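Here is the structure we will look at, set down as structure tokens.
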Amino acid sequence: MLTDLNPTQREAVLYNEGPLLVIAGAGTGKTKVITNKIAYLIKELGIPSENILAVTFTNKAADEMLKRVTLLVGKAGKGIWIGTFHSIALKMLRRDGHLLDLPANFSVIDQDDRLGLLRDILKNLNIDSKKYPPKIYLNLISNYKNTLEFVDEIPLTFEEYKFDEVFKMYQYALKSMAVVDFDDMLSLVVRLLKRNPELKYFYRDLFKYVLVDEFQDTNSIQLEFLTNIVDKDGKITAVGDDDQSIYGWRGAEIKNILNFETYFPNTKVIKLVDNYRSGFNILDTANRLIANNKYRKGKDLRPFKDATGEVFVHRFENEIEEAQFVANKISDLLAKGISPDEIAILYRANAQSRNFEVELNKMGIHFKVLGGVGFYGRREIKDILAYLRLFSNPYDIQSFKRAIKVPHRGVGDVTVEKIAQFAMDNGLNIWTALKEFSSQFSPKVRSAIDGFIAVFDGLEEVSVSEMIKNIVERIDYESFLNQYEDQFEAEKRMDNVNELVNAAVQLEEQGVLTLADFLATTTLQTSSDEDADGFVRLMTIHSAKGLEFDTVFLTGLEEGVFPLYRAMENEWEMEEERRLCYVGITRSKERLFITHVDRRLFYGKAQFLKPSPFIFEIKSMFDKKRTEEKVFHEKFGEGKVLKIEGSGEDARVTVNFQRYGYKTIIAKFLKFV
DNA sequence: CAAGTTTACCTTTTT
DNA sequence: GGTAAACTTG
């Protein structure tokens, strides 16, 4: 079993005396180490799978890991606890949340609804949401919950923000709606463990072996969670790479990995630096870039693969040409027989995907856009889910407000707002509120409300997938869509709704049977978790973390776009951007295309852009190596290289010819001697 | 007071 | 180029 591991990898698998930190550079086989370690624990050491906890960064990574473990140990791996911090936390809260007075069927509010809720609160408190956008509050609240203390970054105008009041109202609303937000899930679990030591010891005993992937992206709450469920001499294996820490903005603490020994004093550290993924030039490029960072432990990846790897830098006039180039190149690659699964287009921000989508469509290339507005974030899905959420948790006023308005049934904003207020003020669930408030309705509204209530008739009898079908039919969602959208759009949305039914059926087959579990799963499922087999993938670099492809297009390397303007003034943020670029580069195995443009549209307006500083950092060594090199040209004879723009055979090379002086020549007409 | 229409605002990155 | 708030109409 351990035969295809190298000595350091094997050491990491075999060391099970106490805390272990594996610093694993990109492509050094970190997933292999984790899966083999789990297999080793189960098969060789005979550890029951229930005693193993594996934490991953995404649901997809969790699925993938379980698949690989199953391949190694078969059914013996079935009971393993595997998932993201959030999904593990949810499982624990479902089990023991009552100790914190959490209602049994609490639901999870998604980011979108949090924003909507904050919008309502700001309106209520007469806070000008132009001056103080809800988003700011979302961040403040998130930071607060994640650090459990107010941090320095909180602006001086803090008082003006009325943060205290907003926060209190926000918490009150969550409580009365019986929902928790993303940040709560972790902090509540930590609270649970702290207040109930017997529970803490229960889990310490249960999780005899804990493995954490992508440790560089854990935040302080997550670390606190870990130190609660693992003794300081416990058998925890943390795997990560400080050079790939790209979630600082989300509260990730790079110091968690840099100071791991502080939390687990008797830690053994193993470094994996043999890279099996990328060709030499790609690795060289990555190493050169990341060497510009100051705040790092410092390591160079060693090439192990017997391949050169190709790195190209291409410059274009605008984003359309960039997209056309990428689409053409992909078409060539596909024609050569390269699988679409091995091709990815990466960018800094989701908004950049559009042009690629257009050009790929023109070429008839099948692709999938991952991330951005995910499946469960789509309007039609949220509409249907609102019904389900309300049915599962009748205190969920936000969902009521959405559901009652889809389709229009003669109950408008004003009435809805009144009902919502009445329910909130009196702590009533929606059904009771509607009943008690019904005397104030006009006959028209009353019959509309009756119709609304009737939608839920008998739903408790059927499975989740049947519920969805029933709701969609009863509200005649299809007609609603057709009324407001053109046929094509309406059909697309209906397809998505049917896809939701499929998702429910699938989850039912996997044993997710209750509505509450279904809803929680959908909320925790992100768009990056979607399946894209057989498609070219488009995604942000953030969502590409942990993935690898033969060919990677790293696009939009312009000052202000990547790195972002706002990051450029700040050394620390700049380093995170650089790490992000490093992650992007190291996704590629054989070919890496880096592209940048001279101008790009921002909200419909053209902006001129300089190439990203990262391009210069990457190229400087290459330039130096090649500058002063002697070249020969058929017509101009011998000369010395001064500057190279672009790369590959199309690069423009400025040469000082002995007899003809300075000339700029396309590289393919030059012979390097 | 509800539904339809126009304007404003926007763009980091995500569990 | 898309959505949600603001505005208008019936």
Side-chain angles (χ1 to χ4, degrees), chain A residues 55-62 83-90 108 110-112 114-116 119-120 122-123 129-130 133-135 138-139 142 145-146 181-186 214 217-219 221-222 245-252 346-355 357-358 370-374 376-379 382 404-405 407-418 441-442 444-445 448 483-484 489 520 523-529 539-545 556 560-567 573 576-577 579-581 583-584 600-605 607:
Chain A
V55 188
T56 58
F57 198 70
T58 63
N59 293 294
K60 195 178 184 176
T84 60
F85 277 104
H86 287 86
S87 66
I88 304 276
L90 182 71
V108 182
D110 69 26
Q111 231 38 359
D112 233 41
R114 279 177 94 175
L115 220 50
R119 223 172 262 134
D120 291 350
L122 296 190
K123 211 183 266 173
S129 63
K130 290 245 162 61
K135 245 190 176 163
L138 189 63
N139 283 332
S142 227
K145 287 187 174 179
N146 276 310
D181 63 26
F182 273 100
D183 304 311
D184 284 336
M185 298 176 70
L186 289 161
E214 308 281 10
D217 287 318
T218 53
N219 63 26
I221 284 270
Q222 290 164 339
S245 161
I246 53 175
Y247 283 92
W249 52 274
R250 207 174 74 185
L346 308 183
Y347 35 77
R348 176 68 240 265
N350 283 305
Q352 284 163 254
S353 72
R354 167 143 284 102
N355 295 296
E357 295 177 50
V358 172
L370 301 176
V373 180
Y376 292 105
R378 296 199 173 121
R379 203 178 66 210
K382 294 207 74 178
I404 187 96
K405 281 184 255 186
H408 299 303
R409 38 166 65 84
V411 184
D413 288 339
V414 182
T415 310
V416 171
E417 222 35 67
K418 273 188 203 155
F441 295 146
S442 67
K444 218 176 101 192
V445 171
Q483 191 185 338
Y484 293 97
E489 193 66 21
T523 311
L524 293 186
Q525 198 96 48
T526 64
S527 43
S528 312
D529 295 324
M539 64 188 117
T540 62
I541 305 161
H542 279 94
S543 8
K545 191 172 78 156
V561 175
F562 189 19
L564 295 166
Y565 275 122
R566 55 201 311 176
E573 284 179 42
E576 182 152 312
E577 295 284 311
R579 289 194 292 268
L580 188 59
C581 189
V583 168
R600 185 181 285 281
L601 295 180
F602 283 91
Y603 345 80
K605 287 217 160 126
Q607 275 216 277

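Predicted, not measured: the structure shown is a model, and the values here were computed from it. So that the names make sense, note that chain A is the first sequence line, chain B the second, and so on, each numbered from 1.
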Worksheet item: Nearest of B/dT13, B/dT15, B/dT12 to any side-chain atom of A/Thr540?
Response: B/dT13

Worksheet item: With a non-hydrogen cut-off below 4.0 angstrom, is A/Phe57 in contact with a base, only sugar-phosphate, or nothing?
Response: sugar-phosphate

Worksheet item: Which one, B/dC1, B/dT14, B/dT15, comes nearest to the side chain of A/Asn350?
Response: B/dT14

Worksheet entry | Heavy-atom closest contact (A/Ala62 atom, A/Gly83 atom, distance) | CB-CA, 3.9 Å

Worksheet item: Separation of A/Ile404 atom CD1 from B/dA3 atom P, in whole Å?
Response: 11 Å

Fill in: Atom-pair distance (CZ on A/Arg409; P on B/dG4), nearest Å
14 Å

Practice prompt. Kindly point out which of B/dC1, B/dT15, B/dT13 is positioned nearest to the side chain of A/Trp249?
Written response: B/dT13

Discussion item. The side chain of A/Arg119 is closest to which nucleotide in this list: C/dA4, B/dG4, B/dT13?
Written reply: C/dA4

Worksheet item: When the distance from CZ of A/Phe182 to P of B/dT13 is rounded to whole Å, what number comes out?
Response: 16 Å

Worksheet item: Rounded to the Å, how far apart are A/Met539 CE and B/dT15 C1'?
Response: 17 Å

Worksheet item: Got a second to check how far A/Met539's CE is from A/Asn350's CG, nearest 0.5 Å?
Response: 11.5 Å

Worksheet item: With centres under 5.5 Å and planes under 30°, do A/Tyr247 and B/dT14 count as stacked?
Response: no

Worksheet item: Within the structure shown, what part of the strands sits under 4.0 Å from A/Thr415 by heavy-atom distance: base, sugar-phosphate, or nothing?
Response: sugar-phosphate

Worksheet item: Looking only at side-chain N and O atoms, does A/Ser543 come under 4.0 Å of OP1 or OP2 in B/dT14?
Response: yes

Fill in: Of the listed nucleotides B/dA2, C/dG2, B/dA3, the one nearest the side chain of A/Arg354
C/dG2

Response to the item:
A/Asn139 CG to B/dT13 P, in whole Å, measures 13 Å

Discussion item. For a quick check of understanding: with a heavy-atom distance under 4.0 Å over all strands, which category does A/Lys135 fall into, base, sugar-phosphate or nothing?
Written reply: sugar-phosphate

Item to complete: Consider the side chain of A/Ala349, meaning its heavy atoms from C-beta on, and name the nucleotide among B/dT15, B/dA3, B/dT12 that approaches it most closely.
Response: B/dT12

Response to the item:
Rounded to whole Å, the CG-C1' distance (A/Leu186 to B/dT14) equals 13 Å

Worksheet item: Under 3.5 Å, is there a donor-acceptor pair between the A/Asp183 and A/Ser142 side chains?
Response: yes

Worksheet item: Between A/Lys545 and B/dT14, is there a side-chain N or O to OP1/OP2 distance below 4.0 Å?
Response: no

Discussion item. Once you apply a heavy-atom cut-off of 4.0 Å, does A/Lys444 come out as touching a base, just sugar-phosphate, or nothing?
Written reply: nothing

Practice prompt. For A/Glu417 and C/dA5, give me the distance from atom CD to atom C1', rounded to whole Å.
Written response: 13 Å

Item to complete: Check every atom of B/dG4, B/dT15, B/dC1 against the side chain of A/His86 and return the nucleotide holding the closest atom.
Response: B/dT15

Worksheet entry | Check ion pair A/Arg579-A/Glu576 (N to O, under 4.0 angstrom) | yes

Worksheet item: Hey, is the side chain of A/Gln111 pairing donor to acceptor with the base of B/dT14 inside 3.5 Å?
Response: no

Fill in: First of A/His542 and A/Val416 reached from the 5' end of DNA chain B, by closest nucleotide
A/Val416

Practice prompt. For the residue pair A/Val411 and A/Val416, establish whether any side-chain heavy-atom pair is separated by less than 4.5 Å.
Written response: yes

Fill in: A/Arg348 (side chain) and B/dT13 (base): donor-acceptor pair under 3.5 Å
yes

Practice prompt. Classify the angle between the aromatic ring planes of A/Phe182 and A/His86 as parallel (below 30°), tilted (30 to 60°) or perpendicular (above 60°).
Written response: perpendicular

Discussion item. Nearest whole Å is fine: how far is B/dT14 C1' from A/Asp181 CG?
Written reply: 14 Å

